[in-house]
**Q** 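What follows is a structure written as structure tokens; I'll ask about it next.
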2 protein chains.
Amino acid sequence: MDMNQTHIFGESLFRLLHAYKRALRENFTAVGIELTVSHIRVLKRIAGMPQCTAQAVAAGMQIDKGRIARLMKELETEHLIEKRHHPEDSRSRQITLTHQGRTLIERINTVEAETSEYMVAGIDKEQLMTCAHIINDMVKNLET
Amino acid sequence: MDMNQTHIFGESLFRLLHAYKRALRENFTAVGIELTVSHIRVLKRIAGMPQCTAQAVAAGMQIDKGRIARLMKELETEHLIEKRHHPEDSRSRQITLTHQGRTLIERINTVEAETSEYMVAGIDKEQLMTCAHIINDMVKNLET
DNA sequence: GCACTTAGTTGTCAATGTCAACCATTGCGG
DNA sequence: CCGCAATGGTTGACATTGACAACTAAGTGC
């Protein structure tokens, strides 16, 4: 890959995430979900981690722990998550989805799946899987 | 691609761009380039467009024209670009790189190439090209 | 001439990222 | 056990990026 193609690759990444984020926002608001993309990402992360804690979310998503604290505070005031005292470490809190949170996650997954379907329309499934693996490899290269 | 894999794909995009941007910022500041990633993206775009105008940059990058105006104003105060009266439309300005701008672009290209090299280390070149095409296809799907 | 569009600038605010200070705990070496 | 560094979390402050709308000036077409 020469320098010119590399350039195009990096630019394409900016374009893709920009467009993807915009599509997500649009589709979420279209069905009446008022959360920001960040809130939704965190909520999904919590949903995927049993006995979740804030630091685990922050570490797992490579997001500043301060930002996570604020996002979670807002998710809590929206009654989408609950914080309980951690049984073994009173500094820490265990985060769990509320019933509302679980219901919302289902709607979120639907919207996200539809958005992704649109994004990958007409693209060969096998190449797509390859692409997904490569993206993960690139993340690994950069994050270590 | 089932729903679960789709989810992972979207999340990976967030992760990748986050890590890529951070790596870029780090490498730019390491060599003493103090511009933000946005400023650099715009500067590169200008470099790649002869007889460039603000609206062309905004349209080409899918970025708000107000934001472009501000970024360009700052690039101008840094003496990296110049605005001249457009010969055929006095509303418009032709944007050109200054000598300093052209010099900087070379350094930028080097840093960016190194960052990309690091990002794609150990990844099959052919698969990488496929991935780049797919990314462009996805952008096309979303932006139209 | 007049309505409409276009290029650019500016104001305002929301969303996101980064860094540092801080508190309350915990765990650990002595 | 004590002192102290490390950890989980919260908060403050600020920079970056994105979105939208109002506005000026100038072109375009009827």
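Letters go in sequence order (proteins before strands), and every chain restarts at 1.
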**Q** Could you give me the CA-CA distance, side-chain angles and deciding distance for K44(A) and E11(B), then say whether salt bridge (Lys or Arg N to Asp or Glu O under 4.0 Å) is met?
**A** CA-CA 10 Å; K44(A) 290 194 58 169; E11(B) 256 310 290; over 6 Å; no
**Q** What's the closest nucleotide to the A69(B) side chain, out of dT16(C), dT9(C), dG9(D)?
**A** dT9(C)
**Q** Please determine if a side-chain N or O atom of K65(B) lies less than 4.0 Å away from the OP1 or OP2 oxygen of dA21(D).
**A** no
**Q** Considering only side-chain heavy atoms of T36(A), which listed nucleotide, dT16(C), dT18(C), dA7(C), is closest?
**A** dT16(C)
**Q** Considering only dT25(C), dT16(C), dG18(D), which nucleotide approaches the side chain of V37(A) most closely?
**A**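 Of the candidates, dT16(C) comes closest.
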**Q** Below the 4.0 Å mark, does dA19(D) have OP1 or OP2 next to a side-chain nitrogen or oxygen of H18(A)?
**A** yes
**Q** Among dG8(D), dT16(C), dT11(D), which nucleotide has an atom closest to any side-chain atom of S38(A)?
**A**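 Ranking dG8(D), dT16(C), dT11(D) by closest atom to the S38(A) side chain puts dT16(C) first.
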**Q** Which nucleotide in the set dT26(C), dG8(C), dG12(D) lies at the smallest distance from any side-chain heavy atom of R91(A)?
**A**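 Closest nucleotide among those given: dT26(C).
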**Q** On a plain distance test, is the side chain of R70(B) in donor-acceptor contact with the base of dG11(C) below 3.5 Å?
**A**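 Per atom types, the contact qualifies.
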**Q** Does T53(B) or K21(B) map to a spot on DNA chain C nearer the 5' end, using the closest nucleotide for each?
**A** T53(B)
**Q** What is the separation between atom CZ on R41(B) and atom C1' on dG18(D), rounded to the nearest whole Å?
**A** 12 Å
**Q** Any idea which of dT11(D), dG8(D), dT18(C) is nearest the S92(A) side chain?
**A**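 So the nucleotide nearest the side chain must be dG8(D).
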